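What you see is a predicted model; the values in this text were computed from it and never measured. Remember, it's 1-based here, ligands and their atoms both numbered in the order they're listed. Index from 1, following the sequence.
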Amino acid sequence: MLVMKFGGSSVADENQIAKVLDIAKGRAKRRPVIVSSAHKGVTDALLNAGKAAAKGEADAAPVVEKQRRVLKGCGCDHNLLDSFFREIEDLLRGISLVREASRRSLDYLASFGERMSVRVIADYFTRNGVKAEAFDAWDLGFITDENFGSARPLHGYEARMITEFKRRVGSDVLPVITGFVGKTSGGEISTVGRNGSDFTATCFAAGLDAEECEIWTDTDGVMTADPSLVKTAHSIAAMSFAEASELAYYGGRVLHPSTLLPAIKKNIPVRVLNTNRPEHPGTVITEDGGENPNMVTSIAYKENQAVITIESTQMLGQPGFLAKVFDVLGREKVDIDMISTSEISVSMTCPGASDLNGAVKAMEQFGRVHVVTDKSIVCVVGKNVKKQRGLGAKVFTALRDADVNVEMISQGANKINLSFLIDDNDIQKTIPALHDALFKA
Ligand code: ASP
Ligand code: MG
């Protein structure tokens, strides 16, 4: 069995969905299972409508129009999705009446994107020579916890998937399953978080013991750097789970950070491919990742980070000081990435959007606290990083030559990443300069 996930741009319209059909036909012998995102822009439109509704303005039209365009383009029966349209209208009206959109109602609202797209795709496939059927992931065992907005499947989901799959999916149909959405055991709709369909796909791959999980997107696999900043960025043939996880976490734009966990657990290769150039071999991600001829594998970055610094003489010779600091941060739910400490200060980065007021107040008991924002973490990833003498010199020389100020540095203990902190404003010049220094022969 082969799990194939198609992202929003891969199923954006009839043109793209026709490409998906060709790709699936070419893989018919491998018993494909499709996991799909909503058509590009539909999830955003739904959530925007939710926000407007919470201010009293209920308007389903932008969503319905977007969805109708694809429906029509694909030649589906014009009333195929009418019951969904009505439900969206009702929901928006409900939100506008109470003027409040909880995480739970936003998940319910966002879920319509995938629920509608899989029905369009299955219908189009069936009329064009491939018998397909749409499934809501929860009907195939994707039951989650109640963490609306970032739900995770409940322990033991794999067994449930196998049972439900056997029971519901005929051997002669290609199942097209919703990414992103699930249901709690109480029957409420949840989502795994924005861009989470990759994660749904690897969960199904793990649950169904697939031979491979393909992630179809709009780049030729994972690139050496963000191609919108670096013209000479190129696709990476192979990398390890560990490298791909670091890249995803540090802002690599291709994979969602949680994507690889289910694949790692079952050791299932994940292949990233381009729907617009299916002949390109893309990037294959495996346990050992094969040989890489380059010094490093890729450069990622994450903008809009904040840095919290505590200066305190209490730190001097005080076992347990950091434990107290992290205890406070844990309680305040601040998600820390990079840390650096000296005798009298500790600096930590976290996403810039975090609400830090509570944490800062609570940490003032330890010393002077200040917060700066608009910083970026840049991360050089590669399993060869640990073997490279002089890599640091190369990186920091390139930064000096580009006139970039470095504020924090850390090399992960697993020695496959070297990260540092710079100003958001310096990203545009930093990434190309580093790519030149590390990838030019
Ligand atoms: N449709 C969802 C989103 O836009 C999930 C996904 O695309 O993976 O975030
Ligand atoms: Mg996406």
In sequence, state the C-alpha distance, the side-chain angles, and the governing distance for Arg103 and Asp107, and then conclude on salt bridge (Lys or Arg N to Asp or Glu O under 4.0 Å). CA-CA 6 Å; Arg103 266 156 134 16; Asp107 273 7; over 6 Å; no
State whether a side-chain donor-acceptor pair under 3.5 Å links Ser105 with Ser102. yes
As a test of understanding, state which of Arg271, Lys5, Arg27 forms a salt bridge (Lys or Arg N to Asp or Glu O under 4.0 Å) with Glu214. Arg27
Please determine whether any non-hydrogen atom of Gly8 lies less than 4.0 Å from an atom of ligand 1. no
Under 3.5 Å, is there a donor-acceptor pair linking the side chains of Thr297 and Glu243? yes
Would you indicate which of His39, Lys40, Glu114 comes nearest to atom 5 (C) of ligand 1 when only heavy atoms are counted? Glu114
With sequence neighbours excluded, residues passing ring-ring contact (aromatic ring centres under 6.0 Å, His included) with Phe180: none
Report, in ascending order of atom number, the atoms of ligand 1 lying under 4.0 Å from any heavy atom of Arg194. 3 (C), 4 (O), 9 (O)
Have a look at ligand 1 and work out which part of Ser197, if any, has a heavy atom under 4.0 Å from it: side chain, backbone, both or neither. both
Min N/O separation Ser37 to ligand 1 under 3.5 Å: yes
